[in-house]
There are 2 protein chains.
Amino acid sequence: MYAISKKSKYALRALAELARRYNQGPVLIAELSARQHIPKKFLELILLELRNQGILGSKKGKGGGYFLARTPSGISLGEIIRALDGPLAPVPCVSQTAYRTCEECNDEATCGIREVMQDVRDATTKILDQESLADMLRREELLEQKRNRVPVYAI
Amino acid sequence: MYAISKKSKYALRALAELARRYNQGPVLIAELSARQHIPKKFLELILLELRNQGILGSKKGKGGGYFLARTPSGISLGEIIRALDGPLAPVPCVSQTAYRTCEECNDEATCGIREVMQDVRDATTKILDQESLADMLRREELLEQKRNRVPVYAI
DNA sequence: ATCTAGTCTATCTACTGGATAGACTATTAA
DNA sequence: TTAATAGTCTATCCAGTAGATAGACTAGAT
């Protein structure tokens with residue numbers, strides 16, 4: 001089913017990098033592309049979209065580049081994914097941000113599928129809307145520490 | 001993002017109908033198609049696939065048709081969706097049933113995105129693998145009752 | 001035997017995800 | 001003020017998939 005597109009995944013990685021370097025000035029597309037192994041031209045489109053959505057800011061000319069428009073704790077993963085992949089809901093009829101009726105549903109009010117899908121939506125938005133870029137970086141730090149405590153004894 | 005395809009949605013509706021008529025003999029594709037407003041030829045493919053996966057049984061010839069291979073409480077929504085749409089995981093690198101490494105991930109063990117997506121996967125599989133067809137029908141009954149208790153006073 | 005109904009293969013169209021090319025424009029440092 | 005730099009935008013492109021349809025084939029019931 002694979003709900004997250006490559007686009008969003010690339011975006012998350014690029015934004016994580018920008019969050020790590022928050023307040024250290026603009027970062028070049030070329031640099032992000034190289035460090036995160038993201039096709040440069042594709043990344044351009046992604047960053048542009050994120051800028052239009054108010055998540056990123058940019059600066060042109062020499063010394064320019066992209067930077068977070070807000071603090072890393074003020075940007076949620078849910079917001080990022082919604083910006084690029086649209087609504088988080090598994091089916092249109094349970095979307096909060098882009099509701100659309102199922103044309104063939106005999107009666108939406110008593111549809112069991114819908115109720116279950118609503119639960120799924122609630123569960124995923126709860127996670128993704130709570131989790132900020134800052135939270136995600138914190139997770140990475142913890143994972144890093146954990147790995148260092150459990151070294152792999154191999155040559 | 002819309003994780004559930006029409007195929008799965010059609011399947012859920014058809015299976016709900018078959019669950020409602022469990023132990024009442026085979027049901028014709030044509031009848032399922034008509035009652036649930038599902039394109040007949042498309043439904044054929046879906047039912048065939050579900051049969052190959054051991055979720056449905058079929059009987060040929062006059063008086064034939066499709067029927068549930070197991071009891072409605074023994075078939076989970078997760079199983080159905082997996083059969084038609086593949087793994088429930090939002091990204092391949094957190095799938096239990098079809099793990100695939102992210103080719104460009106610098107270090108999967110410390111990937112924050114991955115950890116969050118794991119949480120999302122856990123949350124959705126918890127719901128979908130717990131919920132059986134029987135549970136879903138029960139939900140519909142409850143919704144029905146609820147509606148009858150809150151009548152709409154309109155002409 | 002023959003009718004009925006499921007099975008299977010092939011095919012089609014439209015759409016979308018992922019990606020690339022290249023011209024254009026704004027900024028800034030020299 | 002101009003050359004270099006770096007972001008912006010539009011146009012495409014290709015492959016794969018979703019959704020759907022057609023028709024021949026096969027097994028079973030009566």
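The sequence lines fix the lettering, A, B, ..., with proteins before strands; numbering per chain opens at 1.
- For dA29(D), the OP1/OP2 oxygens have a side-chain nitrogen or oxygen of K59(B) closer than 4.0 Å.
- Ion pairing between a basic and an acidic side chain is recognised when a charged N comes within 4.0 Å of a carboxylate O; K126(B) and E131(B) show no such pairing.
- A continuous path of ILVMFWY side-chain contacts below 4.5 Å connects I113(A) to F42(B), so both sit in one hydrophobic cluster.
- Distance CD1 (I4(B)) to C1' (dA18(D)): 14 Å, rounded to an integer number of Å.
- The pair R114(A)-D107(A) does not count as a salt bridge, with every side-chain nitrogen at least 4.0 angstrom from each carboxylate oxygen.
- For the atom pair CD of Q36(B) and CD of E31(B), the computed distance is 10.5 Å after rounding to the nearest 0.5 Å.
- Across the protein-nucleic acid pair, K60(B) atom NZ and dA29(D) atom C1' stand 13 Å apart, rounded to whole Å.
- Between the C1' atom of dG19(D) and the NE2 atom of H37(B) lies a distance of 18 Å, rounded to the nearest Å.
- DNA chain D is contacted by no residue of residues 80-94 of chain B, taking any non-hydrogen atom closer than 4.0 Å.
- Between the side chain of K41(A) and the base of dG22(C), at least one donor-acceptor pair of N or O atoms lies under 3.5 Å.
- Ion pair R70(A)/E79(A) flagged as a salt bridge, since at least one NZ, NE, NH1 or NH2 atom sits closer than 4.0 Å to an Asp/Glu carboxylate oxygen.
- Taking CG of L48(B) as the start and CG of N52(B) as the end, the distance is 5.0 Å to the nearest 0.5 Å.
- At dG18(C), none of the side-chain N or O atoms of Y10(A) fall inside 4.0 Å of OP1 or OP2 (strictly under the cut-off).
- In terms of phosphate contacts, S58(B) brings no side-chain nitrogen or oxygen within less than 4.0 Å of OP1 or OP2 of dA5(C).
- Using a cut-off of 4.0 Å between Lys/Arg side-chain N and Asp/Glu carboxylate O, R20(B) and E140(B) are scored as salt-bridged.
- Residue contacts shown for K40(B) are absent, as no nucleic acid heavy atom lies under 4.0 Å away.
- DNA chain C is contacted by L28(B), I29(B) of residues 11-35 of chain B, taking any non-hydrogen atom closer than 4.0 Å.
- What separates CZ of F42(B) from C1' of dC12(C) is a distance of 14 Å, to the nearest Å.
- A side-chain donor-acceptor contact under 3.5 Å links T125(B) to the backbone of D122(B).
- Under 4.0 Å is where a charged nitrogen must lie from a carboxylate oxygen, and between E17(B) and R21(B) at least one such pair does.
- Among the nucleotides dG18(C), dG19(D), dG6(C), the one closest to the side chain of K6(A) is dG18(C).
- For the contact set between residues 43-57 of chain B and DNA chain C, defined by any heavy atom under 4.0 Å, the members are E44(B), L48(B), R51(B).
- In this structure the side chain of R121(A) never reaches within 4.5 angstrom of the side chain of L88(A), judged on heavy atoms.
- Salt bridge status for R82(A) with D129(A): present, with a side-chain N to carboxylate O gap under 4.0 Å.
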